[in-house]
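Here's the structure we're looking at; comments come further down.
In what follows, chains are A, B, ... by sequence order, proteins preceding strands, each numbered from 1.
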There are 2 protein chains.
Amino acid sequence: MADINFSTRPDSPDSRAPEPQAAAADERPLRWDIIELLFFAYRDFVGDADHELEAFGFGRAHHRVMHFVTRYPGLKVADLLEVLRITKQSLGRVLKQLLDEGYIVQKTGNNDRRQRLLFATAKGEALVAKLAGLQTRRIDRALEQVGPAGADKVRQFLRAMIDRDDPDKVLEAIFKTPVTTAKE
Amino acid sequence: MADINFSTRPDSPDSRAPEPQAAAADERPLRWDIIELLFFAYRDFVGDADHELEAFGFGRAHHRVMHFVTRYPGLKVADLLEVLRITKQSLGRVLKQLLDEGYIVQKTGNNDRRQRLLFATAKGEALVAKLAGLQTRRIDRALEQVGPAGADKVRQFLRAMIDRDDPDKVLEAIFKTPVTTAKE
DNA sequence: TCAGAAACGTCAACATGGCTGACATAAATT
DNA sequence: AATTTATGTCAGCCATGTTGACGTTTCTGA
């Protein structure tokens with residue numbers, strides 16, 4: 001307890017900037033509020049799943065793989081690498097576990113027999129649905145605060161935050177659907 | 001190239017769920033769209049900073065510490081631990097580097113001499129401002145898509161996504177300020 | 001006043017999940 | 001037949017999280 005010396009900058013530790021650091025040219029106000037809100041919102045958002053994943057002995061890496069394989073059945077290994085932006089070796093590690101434990105199955109490509117198409121098993125789908133349920137509860141609560149029109153604004157904002165140059169297949173699919181689901 | 005066997009579930013790999021998995025009781029629609037938008041938006045959002053940090057030999061952990069120390073001068077070590085939700089040992093590692101390289105300075109607490117209050121140096125503030133500038137550019141672009149009213153909806157949404165039980169000091173400060181900055 | 005608690009630092013060891021480089025195999029392509 | 005592509009895998013490194021233990025300084029309460 002005692003004192004809350006918080007944000008009460010004491011007798012300046014003398015090594016701090018006396019002047020605004022040369023370039024006063026780029027005087028755009030910084031979006032401190034949104035930056036911090038994104039940090040905390042995302043932290044708690046993924047925290048929902050993290051907690052549950054421990055019970056399965058999985059981590060975030062497993063969740064990401066399971067999520068996209070479940071949502072986009074038939075995803076190739078190469079597709080997954082693009083979406084997750086990790087290396088083959090990193091993916092291999094978690095993918096192997098998910099295959100071994102029966103959360104995902106592979107199927108040789110029909111047209112190109114080199115490909116391994118990935119599919120979630122019932123067990124895998126159940127896990128993803130459970131985790132998505134937790135996150136949905138949080139999202140629903142938050143969307144209630146802004147109403148149906150606000151929800152579309154949120155979707156528009158999030159879409160605009162994403163890089164559009166050279167999108168992977170999953171992103172293409174996401175941007176193909178219109179933003180207004182508008183049936184709330 | 002060749003075929004895009006994407007999302008065209010082939011002759012079902014037979015281990016997939018035939019039925020919707022018992023409990024049809026919790027039939028809330030899942031927010032797949034928001035879940036995925038958050039994933040991609042946050043990935044690209046932090047990606048802005050990640051790239052720049054490499055040039056300094058720092059990682060995300062350093063960025064997080066620098067950010068909160070800069071934004072909330074005089075933060076105690078214990079405060080930082082609460083905000084970042086990491087252990088003393090993890091924090092110690094990156095904090096030591098930032099102190100050694102002159103991005104942060106410590107000052108013994110006035111009231112309680114056990115405390116080490118943290119302050120960013122000019123060098124540290126410059127780094128944080130540079131990174132925030134990159135992220136601000138992305139945020140500005142995205143907020144333009146939704147207008148001033150939409151921006152407030154976005155802020156409301158993000159705030160509502162954050163856990164409010166037992167908030168740390170930084171969160172208290174954030175939630176103390178009203179949502180409507182409304183001067184865009 | 002003095003015992004205990006609090007704030008902080010640190011050592012050692014370990015886990016997860018990124019990374020690079022190298023190499024192998026099967027299948028497609030040219 | 002030679003090459004390229006899609007995938008898998010081995011070995012090792014790095015960043016950043018973890019637990020457990022222990023030491024010092026300083027504050028606090030009986």
Inset, instruction - Would you please indicate if the ring centroids of B:Phe45 and B:Phe40 are separated by under 6.0 Å? - result: no

Inset, instruction - For A:Arg60 and D:dG17, give me the distance from atom CZ to atom P, rounded to whole Å. - result: 10 Å

Inset, instruction - Using a cut-off of strictly less than 4.0 Å between a heavy atom of the residue and any atom of DNA chain D, enumerate the qualifying residues of residues 83-103 of chain A by number. - result: A:Lys88, A:Gln89

Legend entry - Carboxylate-amine/guanidinium proximity below 4.0 Å for B:Lys130 and B:Glu52: yes

Inset, instruction - Report the residues that fulfil side-chain contact (heavy atoms from CB on, under 4.5 Å) with B:Asp44, sequence neighbours left out, ordered by chain and then residue number. - result: A:Arg85, A:Ile162, A:Asp163, B:Arg138

Legend entry - Atom-pair distance (CG on B:Leu81; P on C:dA6), nearest Å: 15 Å

Inset, instruction - Show the numbers, then the answer: is there a salt bridge (charged side-chain N to carboxylate O under 4.0 Å, His left out) between B:Glu36 and A:Arg71? - result: CA-CA 10 Å; B:Glu36 293 178 1; A:Arg71 280 273 296 167; 2.6 Å; yes

Inset, instruction - Would you mind reading off the distance between B:Leu117 atom CG and C:dA7 atom C1', rounded to a whole angstrom? - result: 11 Å

Legend entry - Proximity to the side chain of A:Arg116 - top-ranked nucleotide from D:dT16, D:dT7, C:dG9: D:dT7

Legend entry - Contact list for DNA chain C against residues 38-55 of chain B - heavy-atom distance below 4.0 Å: none

Inset, instruction - Using side-chain contact (heavy atoms from CB on, under 4.5 Å) as the criterion, point out the one residue from A:Thr70, A:Ile104, A:Val83, A:Ile86 that pairs with A:Val65. - result: A:Ile104

Legend entry - Presence of B:His62 side-chain N/O under 4.0 Å of D:dA15 phosphate oxygens OP1/OP2: no

Legend entry - Integer-rounded Å distance: C:dG9 C1' and B:Ile104 CD1: 16 Å

Inset, instruction - Using whole Å, report how far NE2 of A:His63 lies from C1' of C:dT16. - result: 17 Å

Inset, instruction - Check the distance between D:dA6's C1' and A:Gln106's CD and give it to me in whole angstrom. - result: 12 Å

Inset, instruction - Nearest whole angstrom, please: distance from the P of C:dA6 to the CG of B:Asp112. - result: 12 Å

Legend entry - Interatomic distance where CG belongs to B:Leu118 and P belongs to C:dA7 [whole Å]: 14 Å

Legend entry - Toward the 5' end of DNA chain C, by each residue's nearest nucleotide, A:Arg114 or A:Gly59: A:Gly59

Inset, instruction - Determine whether any donor atom in the side chain of A:Arg113 lies under 3.5 Å from an acceptor atom in the base of C:dA27, or the reverse, and answer yes or no. - result: no

Inset, instruction - Tell me whether B:Met66 is reachable from B:Leu91 by hopping between hydrophobic residues (I, L, V, M, F, W, Y) whose side-chain heavy atoms are closer than 4.5 Å. - result: yes

